[in-house]
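Each chain gets a letter, A, B and so on, in the order its sequence line appears, and its residues count up from 1.
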Amino acid sequence: MLYREALNKAIDKTMEMDETVVVLGEDVGLYGGSYRVTEGLVAKYGERRLIDTPIAELSIVGNAVGMAIGGLRPVAEIMTANFGLLAFDQIINHMAKYRYMSAGKITLPMVVRFPQGVSRQLAAQHSESYEQMLSAVPGLTVLAASDVNYAYHALQFAIMSDDPIIFIEHELLYNKKGDIDFETAIDPLKARVVKEGQDMTIVSYLKMLDDVMEAVPEIEKQLGKSCEVIDLCSLNPIDYETLETSLKKTGAIVVVEEDHKTGGFGSQIVSWAAEEMFYSLDAPPLRLAGEDVPIPYNRTLELASIPTPEKIAEKIMAWGNKNGL
Amino acid sequence: MLYREALNKAIDKTMEMDETVVVLGEDVGLYGGSYRVTEGLVAKYGERRLIDTPIAELSIVGNAVGMAIGGLRPVAEIMTANFGLLAFDQIINHMAKYRYMSAGKITLPMVVRFPQGVSRQLAAQHSESYEQMLSAVPGLTVLAASDVNYAYHALQFAIMSDDPIIFIEHELLYNKKGDIDFETAIDPLKARVVKEGQDMTIVSYLKMLDDVMEAVPEIEKQLGKSCEVIDLCSLNPIDYETLETSLKKTGAIVVVEEDHKTGGFGSQIVSWAAEEMFYSLDAPPLRLAGEDVPIPYNRTLELASIPTPEKIAEKIMAWGNKNGL
Amino acid sequence: MNKLLAEEIYYDMVLGRTFELAAKEHYMGGDIAGFLHLDIGQEGFSVAAMKAFDKGDVFTTYREHVMAIARGMDPKDVMAELFGKAAGISRGRGGSMHLFDPSHFFYGGDAIVGGQIPNAVGCAYARKYQGREDGVMVVFGDGATNGGAFFESINNASTQKLPLLFLCENNGYAIGTKITRVAPFEKQAKKAEPYMITREVDGMDALAVYESVREAQSLIQDGHGPVFLEAMTCRYEGHSVADANTYRSKEEMQICKGKDSIDRMEQLLLSQYGITPDAIKTIQKRAQNCVDEAVAFAASAVEPELAELYEDIFAERKNHAVS
Amino acid sequence: MNKLLAEEIYYDMVLGRTFELAAKEHYMGGDIAGFLHLDIGQEGFSVAAMKAFDKGDVFTTYREHVMAIARGMDPKDVMAELFGKAAGISRGRGGSMHLFDPSHFFYGGDAIVGGQIPNAVGCAYARKYQGREDGVMVVFGDGATNGGAFFESINNASTQKLPLLFLCENNGYAIGTKITRVAPFEKQAKKAEPYMITREVDGMDALAVYESVREAQSLIQDGHGPVFLEAMTCRYEGHSVADANTYRSKEEMQICKGKDSIDRMEQLLLSQYGITPDAIKTIQKRAQNCVDEAVAFAASAVEPELAELYEDIFAERKNHAVS
Ligand SMILES: Cc1ncc(C[n+]2csc(CCOP(=O)(O)OP(=O)(O)O)c2C)c(N)n1
Ligand SMILES: Cc1ncc(C[n+]2csc(CCOP(=O)(O)OP(=O)(O)O)c2C)c(N)n1
Ligand SMILES: [Mg+2]
Ligand SMILES: [Mg+2]
């Protein structure tokens, strides 16, 4: 099954189960979604529940907030994260705060899906990542789906949760293959140890997780060490417990993210490690992230602007060698 | 002179000097600005140069971008940072990227002024800080004015610069007093050592800098150590050189910010210190920041949500004691 | 309108003004802080609109004390909120600008100009989806009609034929800026004309507002989509208590105050409803007592516990102190 | 229109289509990537608008190759940009959606739907401020007229009486969504009616577009404020090359293609301007040669140096590699 199919299945299942679930966004209905995530659903549930909206992101999220107030469970799709900036007022001032400002009188069971990241040469206005901003907003729960199984389970969780949730997807993962384990429940707020290891903890999420996994064999071979790889899954809350357990074992941490380095999400993980795990660290933490530049169109420059498996391997090996790991 | 008067003087001076400087924003003209920063300017320069805009933040910044393209030097005022979220598309997708996407063909000499922070019981939709988000955007220069002298010099620099600049002010500083040193030029992109010391580096900016300075005597007395206090001034670029020099001397770093802790701007400073200065650190870095909650109205809760001089002193002392500083 | 309702509206108007004056006093005295936007001058509009739109959901702005009370919130709970106390309608965490009460279908209390409008559109969609007919009313100022949130909303509500009443309180000013300086015309209903039925009403005439809102509500209930109703009003005070109100001339203020909706309602009660001057005094006294009680309640109520700082952020997750 | 101009417009239309077909081919072949939005079907509109608004500043969208070339950019530089080469008009960093050329008063190339509209408003303010009379033209699709940026802009331009031509390219679709499903009416000029003079033109008729834009430009130059001109057009291809275009029926496509602006212009040249079929062939050949050269140029041009990744972010500051 493909990642986008898993997302589709998750939405389908909740819609079947619960009549209050509605989907809204640009081209989500008749067109089936620009990344085909909602394909086929309009035939099953009608235009009343698959709502094609105008190109007005502020309203997409603002309407979803109002739908949730009115008793529905809206699932809003932002076509690409960059357009979501138009909805930041509704996301940050409204979606994240109504519950608190009303002392719990307002409940917002809603999801905003955020496809993001560097895809293939979509250039500066179509390639960014905003988990850095979104995960820093109190009141929001931010999930990031790195694989098919998580996509399926976590999106269902998000839709049925009574909290407002940002659900981040990476545009290059839509055609990623994987299996769903229908038997085993997961806790979407928990990080996942993707691979166990002894000598360093590599933390990542979304597309970069795949790049890390691709780099790991080379790293292990060259350094003669073993890597523990963790998929954060939830970016807010952050599952520090899992990180702590791993770090106590390995004594070294690397965080790999695609976003621009300055102020990127990974700085929170590294600063936490420095503050809270200082005496467990045998080496300086390492942050691998994108360059501090808008994303260029040219493919060579585009790839130069973000981590790749090769660069990840190279930089981790250099760091390992330098710090005697 | 008051901080807001210094800002006024800076705008006045550039307007006098350069006819292309125009100011736009809500109530900036006839009303004189909601924090009185533009008071009196409309009488001097007319409504053509002091443009009262409708309540449409997306357009305030979007128009400023167009004015800059057209050859003016717009200074846009966002009344309060929270409203600025409505302009995030224009700030991030346009203001920050046009130059790069056009390979330098578009130059945007413009400033967006961002009054922000926890003032006095303005509640969740009027109290936030967005330097975390803004300083993470490649293409933007982000300055933060902590005092009268910097406000005066840096705002002039920002207005006359050919780069798009976010100029952050703290709402509680508008009536802060101070002197302007008209003789000494400053480099607004450089951090400022506000107080020299030997045993720890305390990094802060905006209103928290005052709170740090208030806490320092008690800390020094109780710990028997001396603190070096640094005002970052520029949040992008970050003046790592000054930080490095200080850290090499003191071996310990504390970052104090008002924003919510998770993902707050300080995480970038601490993660840099952990990555780059690891072997100079004698103790785990300490981050003091606001709680991860929307800002409440009630004064006691509001104060509980952010650092105060008392809490700063207390936490730094506890940290110093625990780590043998 | 029957006598009972006319009296009730009059009472709520007087109550509203009395409440606002008390709030102002206690702001000056330091019991209330933050931004305090008084509705003085606009009570007729605010009360009549709430009474007329008796069922259905209401979304509004930061200038909402009088509406909240007319909608059914206990003045005690509202005053306690202004005082920042735990007994406040938002447990002291919202303050003046954030009064919420779903039990009265009242959803704030939004301090982002225009921000509540798309929320109301979504709620109207939910109501239509659920087959509920009362519809939704969203109140906003003239200043809000220049922002993208408003424009997208009239377009969306019209396309989807939603049961939504756009109620514009046009007091001619957004803080210190006259609407005609930032919009191409004085009456903002013109903006909605391509999309829906529009109406105008004298916002200083409570009865007229009442009738217009009733009519508008029945229009939106017939399935033909939204209605835009514009009420021309006047606020007597500054934008908030912090605003010195120097941008309006004495003459302008005099003309504006000459249309006082409370005076007019009083005359009407005396002349057309056969209410005696004594009965009027009794109503005024009752309002004063109610506000006195609200103030006493708020003053003696306890502060929220420190632990509340971390409460009600999530419905399901827990939130803990971070530092 | 004189013969020379008619020929020039025809040439640019043919050039535009030839260019787009070549771009499509090279997208399929892998030389071009990202989103490629072809203007095929709309060449008459795009070329005539640019030729008519000969002076003044132009802001537009991601579907702008034909406009860029008609405006004066060298097809070589545009094709090289699509190929991501250093010789590209944006040095390969912008790509198809970001063509900028201030020397031709052409400012993109914006990939945020509606995002360029407030920029155009600001530029029009600057022009008025500077006393320059040519005015500004902003081109956008029907889909953009539902977003806050557009609405705020018509309000602002009207209030400030700016010399701004809002030129709406209404091809009836935003990606796969028909405009009438997301707006309450088919013609979007209606939205601008409360604010300014509005006009409509057949966007498949290049001469009509030319005349309408000329007229609109002279209207905005007279100081009375903005004009909204809506051109009804049709795109023949999918939204971008990645779009299979399955949401339009064969019949719809046939009707739409039946109005082809190039065919019409050709007929006109033959019947009214006395241009011979041979001359037409020569023009077509010239266009083909020009595109062939552009492709050859783009194909053989060099990639940008890696160091360019960090260039042109700031005018004054330096930017360095971080990792
Ligand atoms: C998005 C946004 N921008 C600016 C403000 C600051 N502000 C608060 S109220 C106000 C004026 C609103 O005027 P209007 O809508 O006419 O309502 P009134 O206050 O007159 O009732 C402004 C500019 C805000 N709260 N939100
Ligand atoms: C703010 C924003 N939202 C969504 C998109 C994705 N998107 C790109 S083009 C487009 C359709 C635009 O339609 P229209 O304005 O009619 O122009 P056309 O493509 O038909 O020329 C959409 C939804 C975007 N680029 N920007
Ligand atoms: Mg008003
Ligand atoms: Mg279109």
**OP:** Might you point out which heavy atoms bring F185(D) and P194(C) nearest each other, and give the distance in Å?
**Re:** CE2-O, 3.1 Å
Original post:
Are more than 12 heavy atoms from other residues, nucleotides or ligands located less than 6.0 Å from atom CD of Q221(D)?
Top reply: yes
**OP:** Indicate yes or no: at least one non-hydrogen side-chain atom of F151(D) is less than 4.5 angstrom from one of I154(C).
**Re:** no
Original post:
Is the CD atom of E186(C) crowded by more than 12 outside heavy atoms at less than 6.0 Å?
Top reply: no
Original post:
Which heavy-atom pair separates V182(C) from N155(D) by the least distance, and what is that distance?
Top reply: O-ND2, 3.8 Å
**OP:** Side chain from CB out, backbone as N, CA, C, O: work out which of these in F150(C) comes under 4.5 Å of a heavy atom of chain D, or both, or neither.
**Re:** neither
**OP:** Check whether E152(C) gets within reach of chain D through its side chain, its backbone, both or neither, counting any heavy atom under 4.5 Å.
**Re:** both
**OP:** Please check if atom CD in E133(D) has more than 12 non-hydrogen atoms from other residues, nucleotides or ligands closer than 6.0 Å.
**Re:** no
**OP:** Mind checking the NZ-NZ spacing from K191(D) to K191(C)? Nearest 0.5 Å is all I need.
**Re:** 15.5 Å
